[in-house]
Amino acid sequence: MLESLYGNVPILEKALHGLTARQRAIGENVANADTPRFKRLEVAYEAQLRAAVRAAGRPADELPLDRAHPLHLSLGPRATRVEEVVPLLRQVADETQRNDGNNVDIDAEMAKLAETNIRYNTMATLARNKFEGLKSLLKEVR
């Protein structure tokens with residue numbers, strides 16, 4: 001029963017962790033915008049989280065089998081659980097338009113930061129509302 005009340009809190013938690021990691025990466029990019037040969041950083045977590053949420057919503061008979069031991073035979077890819085989602089930090093070494101080899105576009109980074117902040121605030125509001133609802137429910141039960 002408590003699990004059903006807890007609901008989407010792990011999803012919100014993982015989204016907040018991913019967005020926090022993205023804010024840090026953008027901060028690194030902005031701080032190093034004038035550093036020669038610095039390559040900008042990106043954080044990806046959405047696709048992994050989306051796949052985990054989809055897998056969690058499927059009936060058990062549709063999920064790929066999991067292996068209890070590494071030597072067991074695999075019968076397909078193991079579904080990622082929401083708890084296992086980890087933000088992936090990668091360095092983007094694409095072409096640069098600058099002579100010093102730095103590929104940070106400060107305007108693009110500021111736009112990404114604004115978008116990330118909006119998403120973070122939205123997720124934080126959803127989490128707060130969920131906990132306020134649980135708090136209200138617990139007060140009624142007493």
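Around atom CG of Asp94, more than 12 heavy atoms belonging to other residues, nucleotides or ligands sit under 6.0 Å away. Within 6.0 Å of the CZ atom in Arg128, the count of heavy atoms belonging to other residues, nucleotides or ligands exceeds 12. Atom CG of Asn129 has more than 12 heavy atoms from other residues, nucleotides or ligands within 6.0 Å. Other residues, nucleotides and ligands contribute only 12 or fewer heavy atoms inside 6.0 Å of the CZ atom of Arg24.
Taking 4.5 Å as the limit, some side-chain heavy atom of Phe131 sits within range of a side-chain heavy atom of Val9. Asn32 is not listed as a side-chain neighbour of Val104, based on a closest heavy-atom distance of 4.5 Å or more.
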### Query
Does the side-chain contact (heavy atoms from CB on, under 4.5 Å) test come out yes or no for Leu16 and Tyr120, once each step is laid out?
CA-CA 6 Å; Leu16 287 168; Tyr120 185 93; 3.5 Å; yes

#### Entry: Glu109/Arg40 under side-chain contact (heavy atoms from CB on, under 4.5 Å): CA gap, chis, key distance, verdict
CA-CA 9 Å; Glu109 295 299 323; Arg40 69 185 188 85; 3.6 Å; yes

#### Entry: Test side-chain contact (heavy atoms from CB on, under 4.5 Å) applied to Asp100 and Arg37, step by step
CA-CA 6 Å; Asp100 67 355; Arg37 293 182 299 283; over 6 Å; no

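In this structure, Asn103 contributes its side chain and Val92 its backbone to a donor-acceptor pair below 3.5 Å. Counting only distance, with no hydrogens or angles, the side chain of Asn102 and the backbone of Ala33 share a donor-acceptor pair below 3.5 Å. In this structure a side-chain-to-backbone donor-acceptor pair under 3.5 Å is present from Asn29 to Leu41. Lys14 places a side-chain N or O within 3.5 Å of a backbone atom of Val85 that can act as its donor or acceptor partner. With hydrogens and angles disregarded, no donor-acceptor distance shorter than 3.5 Å links the side chain of Ser136 to the backbone of Glu132. Formation of a donor-acceptor pair under 3.5 Å by the Glu84 side chain with backbone atoms of Arg81 is found in this model.
Expressed to the nearest 0.5 Å, how far NZ of Lys130 lies from CG of Asn8 amounts to 5.5 Å. For the atom pair Phe38 CZ and Gln91 CD, the distance stands at 7.0 Å (nearest 0.5 Å). The line from CG of Leu12 to NE2 of His17 is 11.0 Å long, rounded to the nearest 0.5 Å. If you take CE on Met123 and OG1 on Thr20, they are separated by 12.0 Å, rounding to the nearest 0.5 Å.
Hydrophobic cluster membership differs between Leu89 and Val86, with clusters built from Ile, Leu, Val, Met, Phe, Trp and Tyr side chains linked at under 4.5 angstrom. Residues Val43 and Leu113 do not share a hydrophobic cluster, clusters being chains of Ile/Leu/Val/Met/Phe/Trp/Tyr side chains in contact below 4.5 Å.
The two residues Ala21 and Pro87 come nearest to each other via the heavy atoms CB-CB, 4.0 Å.
If you run side-chain contact (heavy atoms from CB on, under 4.5 Å) between Leu19 and each of Asn117, Ile118, Thr116, only Thr116 comes through.
Of the charged side-chain nitrogens involved, at least one lies within less than 4.0 Å of a carboxylate oxygen, so that Arg22 and Glu46 count as a salt-bridged pair.
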